[in-house]
Structures are given as C-alpha cells and as structure tokens.
Amino acid sequence: MKRRADRKRSPSWLILFLFVTFGLISFSLYASDSNRISVGVVADNEPYSWMHQSHPAGFSIDVLEKVANLADLTFEYRVGSWPEVYAAFLRGEVDVIDEISWSEERAKSMLFTEPYHYRNTVVMQDSNRPLDYVQSIDHLRPYRIGILKDVYYSPLLYNQNLELVEYELLPNLVRALAFGWVDAIIGPDVTLQFLAQRAGFRHLDIAGVLALEGVELEDFRLAVLKDKSELHAKLEKALQSIEPEWLADLTVRWQEYGGKHLPLQTSFQLSQPEIDYIRQLGPVRVGLMRDYAPFSFLDGGSVQGLSVDILKRIQDLTGLQVIPVVDQWSNLIDWLEAGELDVLANMSFSEERQTIARFSDSYYIIPNVLFSKDLDWRYTDPSDLKGLRVAIGAGIFYEQALRDIIGDSLFTYMDQASMFNALANNHVDAVIAALPNGNHWVSQLRMTGVYVAGELILEDFVGEDLRFGVKPSLAPLADILNKTLNAITPIEQSTIQNRWLGSQSGMSYSSKQPLENLSEEELAYLSGLDKTIRICVHHNQMPLEAINQKGHLIGVSSSVVEHLSQRLDLRIELFPMRSRSASLRALSEGGCDAIPMLSGIERIENIALTRAYYSLPAVILGRIEVPFINSLNELSNQRVGVLDGFVAFDSLVSRYPNVTFVSIETEADGLRQLQSGNLNAFISSLPTASHTLQELGIADIRVIGRVPFDWNFTMAVQRDNEILLGILQKFVDSLTDEDRLDIENVWRTVKLEESMDWSWIWRILTIAVLIVLMLAYWNRRLGALNAKLALANEKLAYLSVTDELTGLGNRAFFDHEYGRLHQLAVRQNQGVMVAMLDVDHFKRVNDTFGHAAGDHCLQFLAASIKQVFKRDTDYVARYGGEEFVIFTLIDSSQNIYSRCESLRQLIEASKYEFEGQMIAFTVSIGLHVYCPQVSSDPEHAMRLADTALYKAKSEGRNRVVMIDTEQKEI
C-alpha cells in the first residue's frame with residue numbers, strides 16, 4: 001500500500017521539477033535580453049567604423065567591443081549612414097549611438113559619456129613639397145588647398161579668401177595631394193593618415209593642427225536617450241575603466257597599421273619538413289628589376305629597394321639562400337617561364353601567369369597612375385585614353401586589358417627610362433607607371449612640366465600588387481614565402497615602407513665616421529687583435545684585386561678594404577694568395593682573419609659569409625662572328641668555359657645537361673681558349689672580361705648573351721668566429737649608396753701601375769748612346785720604311801673592315817659603325833633604321849648552280865643594295881653567309897619602309913647571268929625603326945630587326961616586315 005501511495009505522488013514531483021526548470025530558463029532569457037543592447041554606428045567613416053566583409057570594423061568598433069566586455073553587455077550593431085542611424089536613435093529604435101559629439105541642444109534629450117576620442121582637424125602636406133609654415137589660416141593663402149565638399153567649416157575658409165578645391169570623398173582628397181593637384185589638404189587627422197598609408201602614399205604627413213575658431217576639435221562619445229540612465233551609467237563606468245595606454249595604442253594601430261596588432265617580435269618558426277626543404281633546396285635565383293626604384297634598383301653595383309628589404313627579412317626568418325639576378329623585366333619574366341629563374345620578386349598576379357608561377361600573397365600594392373605633360377588633362381575613365389599615344393612597360397600584367405581599349409595607340413618599352421624619355425620628347429602623350437617609380441624617373445631624368453593626370457583603375461586591376469612568383473616545380477617554396485610574409489610584423493613592414501616610400505626615400509649619406517653600433521664584446525675582440533686584421537687577397541685578379549709592385553692592394557677590393565679600415569679604425573695586413581682556393585684554405589687554417597671580396601654564397605666547410613654587398617652581371621662571351629643568344633640552351637653540344645669557383649657551376653651543369661661546361665683556372669686562359677676555338681663560349685663578369693681583353697689585346701671577342709646568375713661578393717671568416725662575422729656584417733649593412741658608388745668607380749677607372757727600377761738607369765743610358773749613334777744610319781731607311789708601312793696599314797685597315805667577296809663592310813665594320821651611328825642619333829635626336837636581309841632558299845642556289853654561282857649571287861645582291869641605299873648616311877654590311885644588315889639615319893618610318901620594299905621588288909624583278917644560265921632569287925627583310933635615347937640598347941634594336949626577319953620568313957618569305965615598338969612617329 002505504501003508503494004502505491006509513492007507512485008501516486010511521483011507525478012507531482014515531476015511537475016514541480018519542470019516548473020522550476022522553466023522558471024530558471026525564463027529568468028536566464030530575460031537576463032540575456034536585458035543585456036542585449038542595440039548600437040547605431042556609421043557605415044562609411046574609415047578608420048572609425050565601416051563594413052568589412054559584412055561585419056562592422058574600425059577603431060570605434062574596437063572601443064565598443066571593449067566597453068561591451070567590461071560592462072557585461074552584448075552589442076548588436078545597426079549600421080547605416082549618419083542621417084539614418086541618428087534618426088533611428090531619436091525614434092527609440094536604437095539604444096546607443098556612437099561617434100556623437102556633445103552640443104547644448106542635444107544635451108536636452110540625451111545623456112552623453114565622457115569623450116573616448118578627440119579627432120583633430122589638420123593640414124596634410126606632401127613631405128617632398130613641404131609647406132613653409134602652418135600655424136593659422138592666414139599661412140595657407142599662398143597655396144591651393146583641398147577640402148571635403150560641404151564640410152562644416154568650409155564657410156570659415158571661404159571667408160578667408162583661400163584658394164580652395166573641393167572633392168566629394170576623403171580618399172579623393174588624399175589622392176589630389178599625392179598627385180600634386182593641390183599643395184595641401186584639410187581634414188581629420190587619423191582618417192587622413194589611415195587613407196594615405198593604405199593607398200601607399202607614405203610621403204604624405206601632417207603639417208600641423210589648424211585653428212578653426214574652436215571647431216577644429218571633434219569629440220567622440222556614446223549617447224543614450226534620457227530615459228536610459230541606468231544604461232548610461234554602465235557605459236560611462238566601462239569607458240572610464242579603459243586604460244589610456246590601450247586607447248593610445250589603438251589609435252596608432254588604426255592610424256598607421258590598419259588596426260593590426262603590434263607584436264614586438266614574431267614567434268615565427270618553420271616546421272621541420274619546411275626546414276628540411278629549405279636546406280635541400282640550396283641557393284635559389286631570385287629575379288629583381290634593375291630600374292624599378294624604389295622597389296628594386298641597381299645603385300653602385302648593389303641591388304636595393306623595398307622588395308630587396310622584404311627579401312632580406314625572409315632570409316633572416318627562414319635561412320633561405322638567395323642569388324639575386326638583376327635585369328630588365330622582359331628578360332626576368334622570360335627566364336622564369338623558361339625555368340632559368342626560381343623566383344621573381346616584383347610580380348603581379350594575373351590568371352594567365354598562373355601557368356608559369358605560384359604566387360605568394362601581395363606584400364605591397366602600388367597605385368598605377370598616368371603621367372602627362374598636359375596640365376589640364378585629367379584621367380577619370382579608360383575611355384579618356386582613346387586617341388592618345390600611351391606608353392607602358394613591356395610585359396606589364398594589364399597590357400592586354402589596355403590594348404583591348406585603345407588598340408594600336410598603346411606602345412610598350414623595354415625599360416622605364418626610355419618610356420619617360422619618350423614622354424619628354426613628345427613621342428607619347430601619357431605614360432602609365434607605378435607612382436613612386438614614375439616620380440623617381442621624372443626626378444632622375446630632370447623632367448619638367450610632367451604631371452599626374454589620375455589613377456589607372458581597370459576592371460579586375462586595381463593597383464599593382466607586388467608578390468613573389470615561384471616557378472611551379474618549387475610550389476612548396478611559395479607556401480613557405482607566404483607563411484613568412486604573414487610573420488613580418490606590421491612595425492617591420494611600416495619601417496621598410498617608410499624607408500623607401502617616405503620623404504627622401506632611400507637616401508643615405510657618407511659613412512666615413514666610425515661604426516657606433518658595436519657591442520662591448522665586439523670592441524674587446526678588436527682590441528685583442530691589436531687593431532690589426534689580416535686579410536687574404538688574390539695577387540693578380542684585376543680589376544677586382546691585385547698586389548702592385550709596391551706591395552699595395554689595388555682594384556675594387558682596395559676600396560672595400562679602405563672603407564673597412566676607416567670605419568673600424570683598423571690596420572690592414574695583406575696576405576697575397578695565388579688563387580681563390582688558396583685563400584679559402586689559408587682562412588680555414590687560420591692563416592688570415594678574413595677574405596674581403598669573395599664571389600659566391602655557396603656553403604663552404606669551415607667558412608662563414610656575410611650578406612652580399614656588391615654584384616656584377618654574368619655574361620656569355622663568344623667570338624665576334626657568333627650571333628647573339630637568348631639562352632644557354634642554344635649552346636647544346638658545345639664547350640662553354642666557366643671560371644673555377646663560380647657559385648652557379650653545379651646549377652649550370654644540372655640545368656643545361658646538353659652543354660659541356662669546362663672549368664677554367666684563370667680569365668686569361670678562358671679568353672685564349674675561346675679565341676683559339678677550344679671553347680665555343682666563356683662565362684665571366686663584364687668588368688673582369690673587359691679588363692683582361694684589353695690586357696691581352698684581343699679584339700675579336702664580344703658579349704653574345706646574359707646568364708641568369710650574378711657574381712655576388714661577400715666577406716668571409718672562419719665559421720666559428722661569430723664575433724668577427726657579426727662585426728663584418730654590421731660593416732656591410734652600414735655601406736651606403738655613396739660607398740657602393742666608390743666601389744663601382746674603382747673598376748671603371750682602374751689603371752695599370754708601373755714602377756721604375758733605378759738599377760736599370762745606367763744600362764738604359766748606355767743603350768741610348770748607342771741608339772743615338774745609329775740614328776743617322778737609320779734615318780734615311782726609316783723614311784722609306786714608314787712610307788711602305790703607311791701604305792700597308794691603309795690596306796690592312798681597309799681589309800679589316802671589308803668583306804672580301806662583296807666589297808661591303810664586314811661584321812667588324814658593322815659592330816663599330818652601328819654603335820657610332822646610334823650615338824650620333826641620340827645627340828641629334830634622329831631616328832635610326834636597322835634592317836636584316838636574307839636570301840630566300842640560298843642553299844638551293846648553291847646546290848643547283850654551284851658555290852661559284854652563289855658567290856656571284858651575293859655580289860649581285862650587294863650591288864643592288866648599294867643602288868637603293870646610296871646616301872652618305874646609309875651603311876651596308878655583310879653580317880655573315882647570305883645575311884646582310886642595313887642601318888641608316890632616317891626622318892620617317894614610312895619612307896624607310898618604301899625604300900626596303902623597293903629593294904625587295906628590284907631583286908624579285910632582276911635576273912643575273914652566270915655561265916650562260918639565268919638565275920633569279922628573292923629576299924626577306926626584317927626592319928626595325930626607333931628613336932634612340934641615352935639609355936636605349938642598340939643590341940635590343942638589332943634583336944627586334946632579327947625578329948622581324950624571322951617573321952618575314954615564317955609568313956612565306958619574299959616580303960618586308962617592320963617592327964616599330966618604341967615610338968609612333970619619328
């Protein structure tokens with residue numbers, strides 16, 4: 001019976017349990033709802049509040065989140081324009097409104113917190129064109145001032161008779177200052193700096209706070225309606241508990257770093273598989289543009305710039321070994337596509353390029369702008385370009401998009417200097433370039449009357465995004481680079497950007513003063529050396545280094561050692577060595593303390609290296625009759641000499657398996673073997689090869705190509721001597737542009753030194769007496785010999801530049817006269833034509849009629865060319881075999897094309913008789929016309945003519961094809 005009663009009471013207990021549970025849940029929901037607060041924020045007020053990826057973001061949002069956390073509230077944001085949000089707040093649809101300023105009228109119906117931020121109204125200037133002085137409105141009268149349209153203080157400015165220019169949006173206001181359309185702008189400080197930093201205009205800065213009769217300071221507060229006093233108290237308490245340091249840090253983060261957190265140092269670390277991959281990868285060849293200042297450029301033989309500093313930071317974090325390859329963009333992109341480069345540093349993303357590269361994230365975005373000499377022209381839309389001649393860099397990622405818009409009015413240039421020279425000489429109407437790079441060339445070329453007409457924004461192309469492009473076979477490296485880029489802190493990024501993009505970016509000064517950043521340990525180490533450092537140097541490797549007869553160090557190395565001695569206050573003790581390997585052996589065994597100039601960055605046992613401080617391009621040398629080559633692949637099954645110790649030797653062997661690479665001990669030996677035919681080509685650096693060729697008196701060897709490797713020079717010490725390595729690294733890091741220019745100038749002006757051995761004076765005097773006694777006898781005979789010698793020399797000079805078969809100039813004649821004509825055209829601002837002519841199916845003539853008939857064919861052709869090109873400024877040479885080259889000064893491309901066409905028609909219509917047989921043939925002509933500038937490359941023009949000839953042959957022969965890419969009119 002008792003058990004039955006218990007069973008009857010159990011449902012009542014269950015009901016009671018459910019009732020209590022329901023009550024607790026209801027109370028929790030009620031409490032939760034009471035903590036959920038709606039906040040009205042402005043959607044378009046960067047960097048304070050705006051919508052980012054469908055979520056509100058910004059300085060004010062960060063403050064609100066902090067307040068919500070401290071007050072144990074949950075904020076729901078209602079985002080809209082200020083009129084929308086403010087109206088909703090007044091209707092009671094929003095509990096709190098943000099970024100509101102106190103006024104006496106508003107205080108009648110609202111409760112305000114204390115300000116959490118003050119926004120100053122300031123004057124912003126271009127630090128490269130700074131204002132003289134800004135303290136009041138009166139000081140702005142000499143300038144054109146940009147302001148926001150209908151801004152609340154505009155009547156006050158207009159009443160002061162300022163020259164004002166109004167803009168609809170704050171980003172447009174900032175661009176107007178960056179482009180030089182106004183001298184200064186007025187606006188809110190944090191917003192202007194945020195927009196300038198985000199757009200890449202780091203040369204813009206605040207000139208001062210502007211006094212506007214008390215309205216220049218705008219207070220940011222939270223406000224509620226007066227019936228929400230309890231909520232107001234919570235908000236006020238939370239705001240008051242926020243540390244001032246936190247707010248100050250937040251302001252800086254949004255003003256300069258886009259809201260990113262600012263760790264003092266990165267905790268970045270590669271995984272073990274990534275570390276193993278980097279180690280087994282070895283040195284990677286990274287392409288850097290030589291004329292893309294301030295991002296990458298050559299100065300004093302060393303590559304510098306923003307991209308270079310980013311690359312160095314990646315090296316520091318990963319241990320990646322890098323071989324910089326510095327060249328023009330067109331060569332670099334071709335080498336990457338051919339697999340001869342591993343990484344390209346200044347590469348923008350496009351869908352088409354994904355077939356040749358794996359991309360990192362962008363490490364910088366540059367605004368692309370239009371430079372023009374028309375002050376009144378403004379670019380707003382791609383349609384504004386129609387009818388204009390527009391210049392861009394060859395191979396730029398947006399080339400096709402522009403060509404689709406303006407067609408043949410788009411002209412491509414191989415280098416930046418030529419592009420801006422074309423604008424200066426009115427060959428084009430506008431140049432499109434990255435803003436910092438364009439400003440650099442306008443300044444470098446001392447151009448006047450050049451203005452920024454606007455920013456180029458095309459569909460899918462907004463700015464020029466700089467990334468690392470990695471060849472597909474090294475895809476894991478792209479992931480590692482991306483991971484490392486994300487580990488570079490905002491402060492590090494800002495420091496690098498400010499160095500190269502701020503006022504007087506990249507400038508450096510003489511470093512003659514002693515190093516001041518040595519540690520106590522390093523200073524003690526130098527004292528222990530008795531202020532003397534022993535260095536191993538090559539006894540005879542000019543122009544790099546050598547020991548003269550007085551025992552002094554000469555060559556490029558002497559400049560480096562002189563700077564080292566001055567900066568560290570050291571005495572230098574020289575240890576001459578007969579070879580690079582001997583120097584390394586002596587260093588490893590303690591025979592000297594350092595090697596000041598060592599080429600290569602490969603790992604050497606027991607040897608540690610500083611970062612490279614100087615580089616020289618590696619070139620391919622060949623005999624004078626050998627044509628230019630674009631790649632070492634064109635030397636398959638041929639013998640190519642490489643100096644012993646060249647850092648890229650193993651890479652060359654693995655990348656070009658069909659080429660036979662021969663290790664050569666000395667430069668002179670390599671050039672002699674090349675001249676004798678034992679080698680088909682020889683790889684060296686330009687200055688060392690030039691010096692040795694002059695020393696040996698060899699004139700029939702020239703540069704025929706470029707190798708995508710450079711000679712990079714470092715300093716070396718024993719691997720366990722970390723203190724000296726640190727000292728030398730600080731010295732290398734301290735080298736300025738001026739220092740590197742000193743180094744550069746040494747090999748350009750190096751002279752052979754001779755000394756007098758006084759013990760020979762008496763012997764010489766004795767011999768001189770005998771010579772005087774014999775002069776009378778030889779005087780008469782000497783006159784006759786001189787006459788014969790002059791005649792022989794005249795005949796020899798003629799034969800040395802004349803083709804024996806045709807009587808035209810030979811290859812040596814072309815090499816000398818073409819360069820001279822190119823320079824003459826530069827001085828006289830004239831056009832140049834270079835044409836390659838080739839007999840169609842010449843082998844058939846030889847096979848059908850015999851080689852004697854072929855020789856007569858070439859003689860007949862030579863006479864026909866001279867019949868058409870007979871002016872004093874027309875030059876013709878037999879280039880080799882059945883190839884001829886014509887080059888001349890011209891006035892118009894149309895006239896020169898018709899002359900080449902006349903020659904083609906003359907040959908086609910003519911027949912010549914040989915041993916009773918009538919022989920006919922045709923020719924193909926490739927033609928290129930250009931207006932050379934100081935920086936133009938005549939060999940590049942020759943390659944374009946050769947390309948045109950190839951096109952003429954591929955299109956069916958017996959035709960003239962003209963390539964004219966460097967101008968529209970001559």
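Counting from 1, the numbers follow the sequence of the chain as shown.
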Participant: Would a 4.5 Å heavy-atom cut-off, applied to side chains only, mark Lys226 and Met110 as touching?
Facilitator: no

Participant: Side chains of Glu464 and Leu456: does their closest heavy-atom pair fall under 4.5 Å?
Facilitator: no

Participant: Can any side-chain N or O of Asp98 pair as donor or acceptor with the backbone N or O of Leu222 at less than 3.5 Å?
Facilitator: no

Participant: Which heavy-atom pair separates Val122 from Pro188 by the least distance, and what is that distance?
Facilitator: CG2-C, 4.4 Å

Participant: Is any side-chain heavy atom of Ser101 closer than 4.5 Å to a side-chain heavy atom of Arg221?
Facilitator: no

Participant: Measuring from Leu157:CG to Leu140:CG, what's the distance to the nearest 0.5 Å?
Facilitator: 8.0 Å

Participant: Could you check whether any side-chain N or O of His232 sits under 3.5 Å from a backbone N or O of Phe112, counting only pairs where one atom can act as donor and the other as acceptor?
Facilitator: yes

Participant: Are the side chain of Gln160 and the backbone N or O of Ile137 linked by a donor-acceptor pair below 3.5 Å?
Facilitator: no

Participant: Kindly compute the distance separating CG (Leu481) from CZ (Arg467), expressed to the nearest 0.5 Å.
Facilitator: 13.0 Å

Participant: Would you kindly say whether Gln729 and Asp733 are connected by a side-chain donor-acceptor distance under 3.5 Å?
Facilitator: yes

Participant: Between Arg253 and Asp249, is a salt bridge (Lys or Arg N to Asp or Glu O under 4.0 Å) present by the stated rule, with each step listed?
Facilitator: CA-CA 6 Å; Arg253 280 166 44 199; Asp249 175 66; 3.7 Å; yes

Participant: Determine whether a donor-acceptor pair (N or O, by modelled atom type, separation under 3.5 Å) exists between the side chain of Trp181 and the backbone of Val452.
Facilitator: yes

Participant: Any donor-acceptor pair under 3.5 Å linking the side-chain atoms of Glu236 with those of Gln240?
Facilitator: yes

Participant: Decide, yes or no, whether a salt bridge links Asp309 with Arg313 under the criterion of side-chain N to carboxylate O below 4.0 Å.
Facilitator: no

Participant: Which pair of heavy atoms, one from Val343 and one from Leu477, lies closest together, and at what distance?
Facilitator: CG2-CD2, 3.8 Å

Participant: Where do Ser296 and Met289 come nearest, in terms of heavy atoms and distance?
Facilitator: OG-O, 2.8 Å

Participant: In terms of ring plane angle, is the pair Tyr48 and Phe59 parallel, tilted or perpendicular, where the classes change at 30° and 60°?
Facilitator: perpendicular

Participant: Any chance you could lay out the side-chain contact (heavy atoms from CB on, under 4.5 Å) test for Gln193 and Ile206, step after step, and finish with the verdict?
Facilitator: CA-CA 8 Å; Gln193 291 194 72; Ile206 302 300; 3.5 Å; yes

Participant: Taking atom CD as the centre, does Glu166 end up with more than 12 heavy-atom neighbours from other residues, nucleotides or ligands that are less than 6.0 angstrom away?
Facilitator: yes

Participant: Looking at Lys730 and Ser519, what are the two nearest heavy atoms and their distance?
Facilitator: NZ-N, 3.9 Å

Participant: Decide, yes or no, whether a salt bridge links Glu218 with Arg119 under the criterion of side-chain N to carboxylate O below 4.0 Å.
Facilitator: yes

Participant: Would the distance check show the side chain of Asp126 and the main-chain N or O of Gly180 forming a donor-acceptor pair, the cut-off being under 3.5 Å?
Facilitator: no

Participant: What is the minimum heavy-atom distance between Tyr143 and Asp132, and which atoms define it?
Facilitator: OH-N, 3.0 Å

Participant: List the steps, then state whether ring pair (Phe, Tyr, Trp, His ring centres under 6.0 Å) holds for Phe468 with Tyr363.
Facilitator: CA-CA 8 Å; Phe468 290 98; Tyr363 57 85; 5.1 Å; yes

Participant: Taking it one step at a time, do Leu317 and Ile488 satisfy side-chain contact (heavy atoms from CB on, under 4.5 Å)?
Facilitator: CA-CA 9 Å; Leu317 292 171; Ile488 300 177; 4.2 Å; yes

Participant: To check you understand the geometry: which heavy-atom pair defines the closest contact between Leu247 and Ile242, and what is its length?
Facilitator: CG-CG2, 3.9 Å

Participant: Measuring from Thr484:OG1 to Ile310:CD1, what's the distance to the nearest 0.5 Å?
Facilitator: 11.5 Å

Participant: Tell me whether Thr121 contacts the main-chain N or O of Leu210 through its side chain, where contact means a donor paired with an acceptor under 3.5 Å.
Facilitator: no

Participant: Return the NE2 to CG distance between His203 and Leu435, rounded to the nearest 0.5 Å.
Facilitator: 5.5 Å

Participant: Taking C-beta and beyond as the side chain, do His55 and Tyr77 meet within less than 4.5 Å on heavy atoms?
Facilitator: no

Participant: How long is the straight-line distance from OG1 of Thr113 back to CG of Leu235, given to the nearest 0.5 Å?
Facilitator: 7.0 Å

Participant: Does the ring of Tyr86 carry Arg106 above it, NZ/CZ under 6.0 angstrom from centre and within 45° of its axis?
Facilitator: yes

Participant: With the side chain counted from C-beta on, respond yes when Val85 and Val41 share a heavy-atom pair under 4.5 Å apart, and no when they do not.
Facilitator: no

Participant: Which class fits the ring pair Trp254 and Phe194: parallel under 30°, tilted 30 to 60°, perpendicular over 60°?
Facilitator: tilted

Participant: Just so I know, are the side chains of Glu163 and Asp183 near enough to count as touching, which here means a heavy-atom distance under 4.5 Å?
Facilitator: no

Participant: Side-chain contact, heavy-atom cut-off 4.5 Å: Asn439 with Asn128?
Facilitator: no

Participant: Is the number of heavy atoms from other residues, nucleotides or ligands within 6.0 Å of CD (Glu521) greater than 12?
Facilitator: no

Participant: Do Asn368 and Glu455 meet the criterion of a side-chain donor-acceptor pair at a distance under 3.5 Å?
Facilitator: no

Participant: What's the verdict on side-chain contact (heavy atoms from CB on, under 4.5 Å) for Leu73 and Leu231, showing C-alpha distance, side-chain angles and the deciding distance?
Facilitator: CA-CA 10 Å; Leu73 298 172; Leu231 176 59; 4.1 Å; yes

Participant: Is a donor from one side chain sitting under 3.5 angstrom from an acceptor on the other, for Ser360 and Asn482?
Facilitator: no

Participant: Rounded to the nearest 0.5 Å, what separation is found between the CG atom of Asn35 and the NZ atom of Lys234?
Facilitator: 5.0 Å

Participant: Tell me, yes or no, whether the heavy-atom count around Glu230 atom CD, taken from other residues, nucleotides or ligands under 6.0 Å, exceeds 12.
Facilitator: no

Participant: Is there a side-chain contact (heavy atoms from CB on, under 4.5 Å) between Thr610 and Leu725? Walk through the geometry before answering.
Facilitator: CA-CA 7 Å; Thr610 67; Leu725 178 64; 4.0 Å; yes

Participant: Answer yes or no: are there more than 12 heavy-atom neighbours, outside Glu520 itself, under 6.0 Å from its atom CD?
Facilitator: no

Participant: I'd like to check Asn45 versus Trp82 (side-chain heavy atoms, cut-off strictly below 4.5 Å). Are they in contact?
Facilitator: no

